[in-house]
Structure formats: C-alpha cells, structure tokens
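Bear in mind the structure is a predicted one, so any value in this text is a computation, not a measurement.
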Amino acid sequence: MARTALFMAISSMATRGELQALENFQDVVVSMLVRQGFDKHASHAVFDELVAKYRDGDWPFRRKPHLLYPDGADQEG
C-alpha cells in the first residue's frame, strides 16, 4: 500500500508540474527517514530515482495474482 501511495503522490505532483510541492514532500520524507537512522544523502538519491521512475504517471508495478487468488491459479483468464 505504501508503494502505491508514494507512486500516486509523486506522479500526481510531477504530472501537474508542482515541482515546489514535490521538493517539499521530498524534504519531509527524507527528514522522517533520517530520524529513523537512514543516510540523508542516500535517501535524497533514492527519492530522486523514484521521481524519475514515477514522474510520467505510468503504472510501474506488476500484477500480483498470487495475492488475488492465494488458493489457486489466476481466475480471470
């Protein structure tokens, strides 16, 4: 759920051109990570990579049919 929420937040701000809002969001996320013991510079670098990956709004995740149908094969097909 967290990955999806992060994708939605980043892609929404990026596709609308809200670069200052995106930068502010990055600062908040990175400061929270630093409080948890993560490296500040590495966190900024990873966030920048996610922005590059998510900015166009194209869904970057693969389907997980095993989560939809834990007792058997994909039942859509």
Side-chain angles (χ1 to χ4, degrees):
M1 217 187 319
R3 286 180 10 158
T4 300
L6 188 58
F7 164 76
M8 291 174 62
I10 289 173
S11 64
S12 175
M13 286 181 261
T15 57
R16 290 192 315 244
E18 297 175 353
L19 302 181
Q20 187 59 53
L22 185 56
E23 191 172 312
N24 293 342
F25 182 63
Q26 178 176 6
D27 290 342
V28 170
V29 170
V30 168
S31 69
M32 293 172 76
L33 290 170
V34 168
R35 284 195 303 255
Q36 294 177 51
F38 289 89
D39 179 77
K40 181 178 182 176
H41 298 292
S43 296
H44 274 290
V46 169
F47 194 95
D48 288 340
E49 290 172 10
L50 289 173
V51 170
K53 184 176 181 179
Y54 297 166
R55 85 171 35 147
D56 60 8
D58 286 339
W59 188 251
F61 308 114
R62 293 183 306 187
R63 264 181 94 242
K64 307 284 193 287
H66 64 283
L67 298 176
L68 294 172
Y69 309 104
D71 296 326
D74 185 346
Q75 306 198 3
E76 285 183 28

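- Looking at heavy atoms from C-beta onward, Asp27 lies out of side-chain contact with Phe47 at the 4.5 angstrom threshold.
- Linking ILVMFWY side-chain heavy atoms closer than 4.5 Å, directly or via other members, places Met8 and Ile10 in a single hydrophobic cluster.
- Distance OG/Ser11 to CZ/Arg16: 9.0 Å, rounded to 0.5 Å.
- Among residue pairs with one or both ends in residues 41-50, those qualifying as side chain to side chain donor-acceptor pair (under 3.5 Å) are Gln26-His44, Gln26-Asp48; sequence neighbours excluded.
- A single hydrophobic cluster is seen to contain both Leu50 and Met13, as judged by linkage of ILVMFWY side chains at heavy-atom distances under 4.5 Å, directly or through other members.
- Side-chain heavy-atom separations under 4.5 angstrom define the hydrophobic clusters, and Leu19 shares its cluster with no other residue.
- At a threshold of 4.5 Å between side-chain heavy atoms, the hydrophobic network of Ile, Leu, Val, Met, Phe, Trp and Tyr places Val51 and Phe38 in one connected group.
- Looking at Ser31, its side chain does come within 3.5 Å of a backbone N or O of Val28 through a donor-acceptor pair.
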